[in-house]
Structures are given as structure tokens and as C-alpha cells.
Protein chains: 2
Amino acid sequence: MRRKRMSLLTSAATRKMPLPELTNRLRRKFHKVTGPRQAILQILRRHHGPLSIKEIQERLSDDDCDLATIYRSMHLLEEMGMVKRFHFGSGGARFELLKEGDDGHHHHLVCTRCAGVVEIEECLLQDVENHLARRSGFKGVTHKLEFFGICPRCQ
Amino acid sequence: MRRKRMSLLTSAATRKMPLPELTNRLRRKFHKVTGPRQAILQILRRHHGPLSIKEIQERLSDDDCDLATIYRSMHLLEEMGMVKRFHFGSGGARFELLKEGDDGHHHHLVCTRCAGVVEIEECLLQDVENHLARRSGFKGVTHKLEFFGICPRCQ
DNA sequence: ATCGCTGCAAAAATTTTGCAGGTAA
DNA sequence: TTACCTGCAAAATTTTTGCAGCGAT
């Protein structure tokens with residue numbers, strides 16, 4: 001997963017998991033497959049890149065579910081390891097579906113105009129983490145890295 | 001500033017600017033040097049690492065100034081380029097004093113237990129930015145990078 | 001003396017929680 | 001049937017704003 005040659009990842013590779021695969025993950029952990037949860041998973045599944053709570057709400061057909069339910073669902077999905085929470089500077093958290101077994105460690109190139117996202121597959125910072133840990137005495141060093149810029153369409 | 005050999009920066013190198021130097025920067029731009037602003041600058045000046053709004057408030061002697069004034073001051077100082085705003089995942093923004101002329105581009109190694117911070121002077125990602133820009137067509141590519149771990153004292 | 005700054009209070013924005021009723025399994 | 005889930009409303013957070021009066025220059 002790490003130490004790869006630089007490459008950008010297309011959306012198809014990580015998204016478009018079938019819905020039943022997702023709901024089965026719920027069932028396996030004895031959570032219920034309800035309307036709101038299916039609707040939210042559909043939205044995450046179909047969208048490329050992390051979505052904010054508001055963006056999810058806007059995409060739900062007129063009040064498929066309550067805002068509180070979205071928050072509760074995102075907490076559940078995060079705790080189950082089905083989504084990963086990101087923070088792109090200011091604004092609330094954003095959530096992105098994770099494939100089963102994926103720890104979600106990857107980075108984004110985010111357009112500061114339209115919030116469009118390109119995913120970056122590889123992570124080059126393993127060596128840097130090790131070096132930092134050695135030099136600073138910290139244990140369990142991890143990192144968060146996001147790139148920002150203006151995408152071709154917005155230029 | 002960039003492309004340096006890896007090194008950790010001690011606090012002394014970036015903080016401890018004399019207070020008059022800071023207030024003069026306000027005066028030069030025709031802002032007033034008031035009690036709250038001096039108190040806030042003192043706190044930022046004396047503390048190593050970015051502080052949250054709440055941490056600033058706690059350090060102010062019993063209601064040296066109103067919470068709204070802290071928010072307004074941080075906006076002003078940020079707009080003037082005197083502080084830089086950071087986001088370490090969840091929780092509110094954090095602010096760190098900047099030397100005159102410093103664009104504030106640097107990273108941190110943050111202890112997830114005590115929130116202690118080690119600054120990381122160099123930035124290794126210039127090449128990565130260039131590569132990403134070329135490959136993705138994005139312009140003006142920048143990045144945010146923070147490291148997390150458990151510091152020696154908290155282990 | 002002037003205009004900017006401040007405290008206070010209210011509002012706005014975001015996230016969490018309690019509770020009674022509904023629903024998946 | 002039963003435990004979990006949901007909507008609704010209220011509360012808790014965090015940040016912003018309006019306004020009248022004070023204070024740095």
C-alpha cells in the first residue's frame with residue numbers, strides 16, 4: 001500500500017462497491033439495514049471523494065432522513081471502519097467509503113474552488129515517519145497530508 | 001526554507017519575539033494596541049506551539065477580555081499575516097505566531113495525548129507538489145501535512 | 001475628537017442527546 | 001417480540017454579529 005511509485009487513482013478503483021456488499025457488512029456486525037442507512041450508503045457509493053454532512057443531506061431525496069440520523073450513521077460507519085473521516089481545513093468533517101480491509105490511509109488533491117477531489121494512491125512518507133520517530137522519541141507516528149490547488153476546469 | 005536536510009526545530013528559534021516588535025507591526029498597519037491584543041500576543045509569544053481559542057482564553061487572567069474579542073483578534077492577526085491558522089483534525093483551529101516575512105509553511109509532530117508539539121523545519125514535498133501539478137493539471141498546488149504520535153513523556 | 005475596539009447579548013452554525021414510537025430481524 | 005433505530009425537539013458547542021459606549025491615537 002505504501003512506498004509505491006507516484007500515481008493518481010481514478011474513482012472507479014475505490015468506489016462503486018455494490019450496495020448489497022455494503023449492507024452485508026452492517027448485517028454481519030448485527031446492525032440493522034434501514035432506509036436511511038441504505039440511502040446514505042448509496043450517496044457515498046455514487047460520489048467521488050469525501051462528502052460533508054451537508055452535502056449528504058442535500059443529496060437525500062426530500063427528507064429521506066433526519067439530520068441527526070446522518071450524524072448518527074456517520075459515527076456508526078466510522079466506528080465500523082466503513083468510512084473514513086477527513087478534515088480539509090475549515091468546514092466540517094468529510095466522509096469517504098472504505099473498501100473492506102482498507103485502513104483508509106491515502107491523501108487527496110482538493111480543488112479549493114469546486115471542492116473536487118483527486119485521490120493519491122501512494123504514500124511516500126514512511127521513511128519520513130521512521131526518521132521523525134527516531135529523532136524525536138515519539139512512538140506510533142502517523143500523519144495526515146492533503147494537497148490543495150485549482151483544478152483544470154476551475155482555472 | 002524548503003529542501004533542507006531533515007531537522008527538528010526548537011521553540012526558541014521561532015518564538016520569543018519581543019512584544020514591542022509585535023505591537024509595532026500592529027501600529028504600522030494602523031491598528032490599535034489595546035489591552036486584549038497585548039495580552040493575547042503575550043500568550044502566543046510565550047507558548048511553544050499552536051494554541052486553540054480555548055487555551056488562549058484559559059491563559060488570560062480572569063477575563064482580561066471577552067471570547068468574542070479573542071475570535072476577532074485572531075481574525076485580525078491572521079489577516080495581517082502575524083499568525084497562522086492550523087487544523088489538527090477535529091477540534092477548533094489553532095494559532096501560532098509568525099516571524100515577519102515568514103509564510104508559516106511548516107509542519108508539526110503532535111502528541112495525541114498531551115497535545116505537545118515539535119516543529120518540523122524542513123519541507124520535503126516540493127518535488128511531490130510539482131509532480132502532482134504536472135500529472136493532474138492543477139495549478140498553485142500547496143499542501144498541509146501534520147504528524148501525530150505519542151511523545152516520550154506520555155509513553 | 002475621531003474612529004476603531006470592546007463587552008455584552010443575541011444569533012447563527014454545527015453537533016449531540018433524550019425520549020417516545022416505529023421497524024428490521 | 002424485542003432490541004435497535006428514527007424523528008423530533010431541545011441542548012450543548014463553537015463562531016459570528018449588532019450595538020452602544022469606551023479608549024488609543
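Because only heavy atoms are used, hydrogens play no part in the values below, and waters and symmetry mates are left out as well, while side chains stay in. First the proteins, then the strands, lettered A, B, ... as listed; each starts at 1. These numbers come from a predicted model, not from an experiment.
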For this session: For A/Ser61 and A/Asp64, test the side chains for any donor-to-acceptor distance below 3.5 angstrom and give the result as yes or no.
Result: yes
Exercise. With nearest nucleotides of DNA chain D determined for B/Gly92 and A/Asp64 from heavy-atom distances, which residue corresponds to the more 5′ nucleotide?
Worked result: A/Asp64
Seminar exercise, completed: When rounded to the nearest 0.5 Å, the distance separating CG of A/Leu19 from CD of A/Glu21 is 10.0 Å
For this session: Round to the nearest Å and state the distance from A/Ile70 atom CD1 to D/dC5 atom P.
Result: 17 Å
For this session: For DNA chain D, find the residues of residues 18-25 of chain A with a heavy-atom distance under 4.0 Å and give them by number; none if there aren't any.
Result: none
Exercise. Rounded to the Å, how far apart are B/Ile53 CD1 and D/dT15 P?
Worked result: 7 Å
For this session: Please tell me if the side chains of B/Phe95 and B/Pro50 come closer than 4.5 Å, counting only heavy atoms from C-beta onward.
Result: no
Exercise. Roughly, in whole Å, what's the span from CD in A/Glu58 to P in C/dT14?
Worked result: 11 Å
Seminar exercise, completed: Taken to the nearest whole Å, CG/B/Leu60 to C1'/C/dG7 is 14 Å
Exercise. Is A/Val141 reachable from B/Ile150 through a run of hydrophobic residues whose side-chain heavy atoms are each under 4.5 Å from the next?
Worked result: no
For this session: Kindly compute the distance separating CD (B/Gln155) from SG (B/Cys111), expressed to the nearest 0.5 Å.
Result: 8.5 Å
Exercise. To the nearest angstrom, how far is B/Gln57 atom CD from C/dG7 atom P?
Worked result: 11 Å
Can you tabulate the close N/O pairs, meaning under 3.5 Å, that link protein atoms to atoms of nucleotides 9-11 of chain C?
none

Problem set entry | Candidate pair A/Glu96 and A/His106, rule side chain to side chain contact (heavy atoms under 4.5 Å, CB included), full reasoning | CA-CA 11 Å; A/Glu96 189 173 69; A/His106 65 275; 2.7 Å; yes
Exercise. CZ/A/Arg46 to CG/A/Leu41 distance, rounded to the nearest 0.5 angstrom?
Worked result: 11.0 Å
Extract from the structure each pairing of a protein N or O with an N or O of nucleotides 21-25 of chain D at less than 3.5 Å, listing the distance.
from, atom 1, to, atom 2, distance (Å)
D/dG23, N2, B/Lys32, NZ, 3.2
D/dA24, N3, B/Lys32, NZ, 3.4
D/dT25, OP1, B/Arg27, NH1, 3.1
D/dT25, OP1, B/Val33, N, 3.4

Exercise. In whole Å, what is the span from the CG atom of A/Leu41 to the P atom of D/dC5?
Worked result: 13 Å
Problem set entry | Derivation of the side chain to side chain contact (heavy atoms under 4.5 Å, CB included) call for B/Met17 and B/Arg25 | CA-CA 12 Å; B/Met17 295 166 262; B/Arg25 285 209 247 166; 3.8 Å; yes
Exercise. With a 4.5 Å heavy-atom cut-off, do B/Phe138 and B/Leu132 have their side chains touching?
Worked result: no
Exercise. Rounded to the nearest Å, what distance is computed from the NZ atom of residue B/Lys29 to the P atom of nucleotide C/dG4?
Worked result: 17 Å
For this session: With the side chain counted from C-beta on, respond yes when B/Leu51 and B/Arg59 share a heavy-atom pair under 4.5 Å apart, and no when they do not.
Result: yes
Problem set entry | Other ILVMFWY residues reachable from B/Phe148 by side-chain steps of under 4.5 Å | B/Phe86, B/Phe88, B/Val110, B/Val117
For this session: Specify the residues of residues 76-87 of chain A, ordered by number, for which at least one heavy atom lies under 4.0 angstrom from an atom of DNA chain C.
Result: none
Exercise. CE of A/Met74 versus C1' of D/dC5: gap in Å, rounded?
Worked result: 16 Å
Exercise. Can you tell me how far the CD1 atom of B/Ile43 sits from the CD1 atom of B/Ile70, to the nearest 0.5 Å?
Worked result: 7.5 Å
For this session: Check whether any side-chain nitrogen or oxygen of B/His75 sits under 4.0 Å from OP1 or OP2 of D/dT15, and answer yes or no.
Result: no
Exercise. Any idea which of C/dT16, C/dT15, D/dT15 is nearest the B/Tyr71 side chain?
Worked result: D/dT15
Problem set entry | Side-chain ion pair, B/Glu100 and B/Arg28, N-O less than 4.0 Å | yes
Seminar exercise, completed: When every non-hydrogen atom of B/Leu77 is compared with those of B/Leu26, the smallest separation belongs to CD2-CD2, 4.3 Å
Exercise. Going from CG on B/Leu97 to CG on B/Leu44, what distance comes out if it is rounded to the nearest 0.5 angstrom?
Worked result: 4.5 Å
For this session: Could you tell me whether B/Glu146 and B/Arg94 have a side-chain N and a carboxylate O separated by less than 4.0 Å?
Result: no
For this session: Would you mind reading off the bend of the helix from C/dA1-D/dT25 to C/dA25-D/dT1 from its two end axes, five pairs each, to 10 degrees?
Result: 40°
